[in-house]
Amino acid sequence: MNSQKIKVETIRAMKARGEKIAALTAYDFPMAKLLDEAGVPLLLVGDSVGMVVLGYPDTTHVTMAEMEHHTRAAARARPNALLGADLPFKSYETVSDAVANARRLIAAGAEFVKAEGGREILQQVKAIVGVGIPFMGHLGMLPQNVLEEGGYHIKGKKDEEHQRLLADAKALADAGAFAIVLELVTPPVAKEISQCLSIPTIGIGSGLDCDGQILVTHDLIGAFPWFTPRFVKPKVNCAAEIRSAVLIWKKDMSVR
Ligand code: KIV
């Protein structure tokens, strides 16, 4: 296990060395500790917590208070991994809100913040970076826009979308983002963006040519069996293990 504290520079250096960056979500103390012990260098308190832990239909219901609560829990694991947190829906509409809410997540224990969008949030990104808070971008399918877009759609198929993604990625990098998540971006476009930028891209459902990959841990371990994205193949079936452990325990108590 790597006992060196991972910093933003470590993540950037991994791209320079051509080393793939593994990233996973962690919303609480035990998961942050387990994933850290497994050597995952990048952990995210994603607003996906709203769906896989809090039971909301999408991420637009997640509040700042909920993000702070889960960030505090994950940060108590004191991971070697770099720990980030999502700015939730409508928490970064103005520059002053973006900076104030980014500061709240840092006070809760995050070491970087992530927000969704490209050039439309550039002033917010510059202000966050300007006060010394590391920033991770998020382009492609933006889950906080799911209601207005009517679902989770692959991005970059049309030339206009392709050019917009490329320009947004370059703008975020120029504004000081240290990495960018590419969600549901068509693989050739994700590859092109990854090759154009000196900062790492972290893909989710965007093919294998990103500099790293991120998954919602619940999807990876089969802990949210009611929905699994098409691009994830769970490596274990935690839901089945839980059900079976409970059945064994119930049976044991009746055979005394
Ligand atoms: O909310 C989240 O968990 C995310 C990642 C999966 C990229 O944004």
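Order of listing sets the numbers, starting from 1, for every ligand and every atom in it. From a predicted model like this one, the values you see are computed outputs, not experimental measurements.
Checking side-chain atoms of Asp209 against main-chain N and O of Lys191 turns up no donor-acceptor pair under 3.5 Å. Between the Lys5 side chain and the Ala81 main chain, a donor and an acceptor come within less than 3.5 Å of each other.
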Need the list: ligand 1 N/O atoms against protein N/O atoms, distance under 3.5 Å, rounded to one decimal.
| residue | atom | partner | partner atom | Å |
| --- | --- | --- | --- | --- |
| ligand 1 | 1 (O) | Asp47 | N | 3.2 |
| ligand 1 | 1 (O) | Asp47 | OD1 | 3.0 |
| ligand 1 | 1 (O) | Ser48 | N | 3.0 |
| ligand 1 | 1 (O) | Ser48 | OG | 3.3 |
| ligand 1 | 1 (O) | Asp86 | OD2 | 3.1 |
| ligand 1 | 3 (O) | Ser48 | OG | 2.5 |
| ligand 1 | 8 (O) | Lys114 | NZ | 2.8 |

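A donor atom on one side chain and an acceptor atom on the other are not found under 3.5 Å apart for Asp219 and Thr228. Using modelled atom types and a 3.5 Å distance limit, the side chains of His138 and Gln144 yield no donor-acceptor pair. For Gln163 and Asp159, the side-chain atoms include at least one donor-acceptor pair closer than 3.5 Å.
By the 30° and 60° cut-offs, the orientation of the rings of Tyr27 relative to His218 is tilted.
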